[in-house]
Amino acid sequence: MASELEQPTHSSLAKEAMSSGEIGSAREPLLNGVHDSESYSISAAILPFLFPALGGLLYGYDIGATSAAAISIESPTLSGVSWYKLSSIEIGLFTSGSLYGALIGSVLAFNVADFFGRRRELMLAALLYLVGALVTALAPNFTVLVLGRLVFGIGIGLAMHAAPMYIAETAPTPIRGQLISLKEFFIVLGMVAGYGIGSLFVDTVAGWRYMFGVSSPMVIIMGLGMWWLPPSPRWLLLRAIQGKGDVQNLKDIAIRSLCRLRGQAIHDSAPQQVDEILAELSYIGEEKEVTFGEMFQGKCLKALWIGAGLVLFQQITGQPSVLYYAASILQSAGFSGASDATRVSILLGFFKLIMTGVAVAIVDRLGRRPLLIGGVSGMVISLFLLGSYYIFLDNAAFVAVVGLLLYVGCYQISFGPIGWLMIAEIFPLRLRGRGLSIAVLVNFGANALVTFSFSPLKALVGAGILFYIFCAIAVASLVFIYFVIPETKGLTLEEIEAKCL
């Protein structure tokens, strides 16, 4: 990369784009929402989605495997260690260690993505995944075990921060919603895999070591895949327009990256598309690097309000609590196998996969807002049914089963995939790294809050009232979605910034 003395200014960039007629052609689609259809190859778009999405699959796997590992490590005969007598605090540290690490990773991600780039952040996440998995699997004592869980969790925080950005910035606009939503599918797939592998090793001596160690090959595939993939063209162009490298060199790299990401179909038009993106970035003012104070002003504040608000409601509308009661609800309805928590988790996992698949299939045709409004409306009804069951209708088990399945299904077509999709789309490019870091921090922080407050709240007010509280929060989230969340279907990332913020 050339020295900064060779870098042209933003004004020279704009003049260059205008002289070639590109800034005018870029402004028009931003104002009217009409742009040329993007040329891309479906086969070429698979790997730029797949390798980042493995970060989500590994996150889901950790959730699924940890539930079985907690049983294995406390067994006097099967733990394979002398320190199996863990206190409730130690079990909490073990099961939630990756969540604490994810919170740390979210904070560390604040500047990482803009400095290192999305691709390198995912490579770093893969390295932390690998170190965390091996340290956990080979831990000689409890302290090292928790350390391994924390390191793996930091990898989760970085991966869940960078993967939506990389996919959003490299995916063709017509299928961007499907690809980012498909990452949620991979998270659920990882959970099902974790439950399944956990059930295979739960009766094996030191089975918990195998549960955590078995993720290593997938981590290596993710790391090598991200090393092979090109950097995000939009990140390269952001650095160009902000004067952080030789502009022509960065443009050339961006063109080559775009050609690899879109396949043979785009080769002739890649230089034109790069110039159009650069002109659009110039037009909407991305040349200034956002300061901390500017993050809470104007369209940056609006993007934070949309992104952080959505993922906050995603976590505080009761999903962990509903799943906590899944086994007892199904057992009361006469499903004998429901006494096995692992079977229930696998059963619900497959149902979540199906419903997430439905969301993936229709998100780019139906739009984000209809799925959010329809799905959250269903969650309101289901939470009301569950609250009523525990207070008034304890003999009507079918009401609880309907409420449970309705909640899980509606969550998976709304908050589950659309929450991650919206935070990947809504932030302006120069704010995307830091904004998404805050959104992911809110996500994991709210997750931790709900997890820790669930048992005390249940003891204080009872299950029925608790579900009514979640129902009221879901109603509030429905109001938030209706009045605050914009529709981003069919818009490029630059058009979202110009039209929705």
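- Taking a 6.0 Å sphere around CH2 of W83, one finds it holds more than 12 heavy atoms contributed by other residues, nucleotides or ligands.
- Under a 3.5 Å cut-off, the side chain of R149 and the backbone N or O of F94 do form a donor-acceptor pair.
- Atom CZ of F116 sits in a sparse spot, with 12 or fewer heavy atoms from other residues, nucleotides or ligands closer than 6.0 Å.
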Exercise. Before giving the answer on side chain to side chain contact (heavy atoms under 4.5 Å, CB included), spell out for Q314 and Y411 the whole-Å C-alpha distance, their side-chain angles and the decisive distance to 0.1 Å.
Key: CA-CA 9 Å; Q314 181 193 55; Y411 182 91; 3.3 Å; yes
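- Side chain of R369 to main chain of P486: no donor-acceptor pair is present (N/O by atom type, distance under 3.5 Å, no hydrogens or angles).
- Using the six-membered ring where Trp is involved, F444 and Y59 have ring planes that are perpendicular, over 60° apart on the 30 and 60° scheme.
- Between F313 and F480, the gap from one ring centroid to the other is short of 6.0 Å.
- E90 contributes a side-chain N or O that, together with a main-chain N or O of S87, makes up a donor-acceptor pair within less than 3.5 Å.
- Although no hydrogens or angles enter the test, the distance criterion places a donor-acceptor pair under 3.5 Å between the side chain of R119 and the main chain of W227.
- Formation of a donor-acceptor pair under 3.5 Å by the R209 side chain with backbone atoms of A137 is found in this model.
- In this structure the side chain of I167 never reaches within 4.5 angstrom of the side chain of R176, judged on heavy atoms.
- Between the side chain of S72 and the main chain of A69, no donor-acceptor pair closer than 3.5 Å is present.
- Using a 4.5 Å heavy-atom cutoff, the side chains of V151 and Y129 are not in contact.
- A heavy-atom distance below 4.5 Å is found between the side chains of F212 and D62.
- Residues A109 and E121 come closest through the heavy atom pair CB-OE2, 3.6 Å.
- A donor-acceptor contact under 3.5 angstrom links the side chains of T488 and E425, judged on distance only.
- Counting only distance, with no hydrogens or angles, the side chain of H161 and the backbone of G433 share a donor-acceptor pair below 3.5 Å.
- To the nearest 0.5 Å, atoms OG1 (T170) and CH2 (W235) are separated by 14.0 Å.
- For V205 against T77, the heavy-atom pair with the smallest separation is CG2-O, 4.2 Å.
- M222 places none of its side-chain heavy atoms less than 4.5 Å from the side chain of M123.
- Ring geometry for F384 versus Y468: interplanar angle of 30 to 60°, hence tilted.
- Contact between L393 and Y389 at its shortest, heavy atoms only, is O-CD1, 3.1 Å.
- The backbone N or O of Q319 sits less than 3.5 Å from a side-chain atom of Y407, completing a donor-acceptor pair.
- Contact annotation: the side chain of S257 approaches that of I253 to within less than 4.5 Å [non-hydrogen atoms, C-beta and beyond].
- For the pair I426 and I485, the minimum side-chain heavy-atom distance is 4.5 Å or more.
- Using modelled atom types, no side-chain atom of S96 and backbone atom of L93 make a donor-acceptor pair closer than 3.5 Å.
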Exercise. Assess whether side chain to side chain contact (heavy atoms under 4.5 Å, CB included) is satisfied between Q315 and F415, documenting all intermediate values.
Key: CA-CA 9 Å; Q315 291 299 323; F415 275 140; over 6 Å; no
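- Of all the heavy atoms in S477 and T317, the pair that sits closest is OG-CG2, 4.2 Å.
- Less than 6.0 angstrom separates the ring centroid of F49 from the ring centroid of F186.
- Here the side chain of S437 pairs a donor or acceptor atom with the backbone of S106 at under 3.5 angstrom.
- To the nearest 0.5 Å, atoms CG (L134) and CG (L138) are separated by 6.0 Å.
- Summarising the geometry of F152 relative to S215, their closest heavy-atom pair is CE1-OG, 4.3 Å, with the distance given to 0.1 Å.
- At a threshold of 4.5 Å between non-hydrogen side-chain atoms, the residues R234 and L493 count as touching.
- A salt bridge links E169 with R432: the distance from a Lys NZ or Arg NE/NH1/NH2 to an Asp or Glu carboxylate oxygen falls below 4.0 Å.
- To the nearest 0.5 angstrom, I154 atom CD1 is 5.0 Å from I104 atom CD1.
- A distance of 8.0 Å separates CG in L179 from CG in D364, rounded to the nearest 0.5 Å.
- Side-chain atoms of I73 and Y84, non-hydrogen and from C-beta on, never get closer than 4.5 Å to each other.
- Expressed to the nearest 0.5 Å, how far CG of N443 lies from CG of L436 amounts to 10.5 Å.
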Practice problem: Apply side chain to side chain contact (heavy atoms under 4.5 Å, CB included) to K352 and M191, showing your working. | Solution: CA-CA 10 Å; K352 291 170 78 171; M191 291 171 62; 3.8 Å; yes
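- To the nearest 0.5 Å, the span separating CG on L431 from CG on L304 amounts to 5.5 Å.
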Practice problem: Mind running side chain to side chain contact (heavy atoms under 4.5 Å, CB included) on L128 and V131 for me, showing each step along the way? | Solution: CA-CA 5 Å; L128 291 169; V131 172; 5.6 Å; no
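- Across every non-hydrogen atom of G378 and L406, the tightest pair is O-CD2, 3.6 Å.
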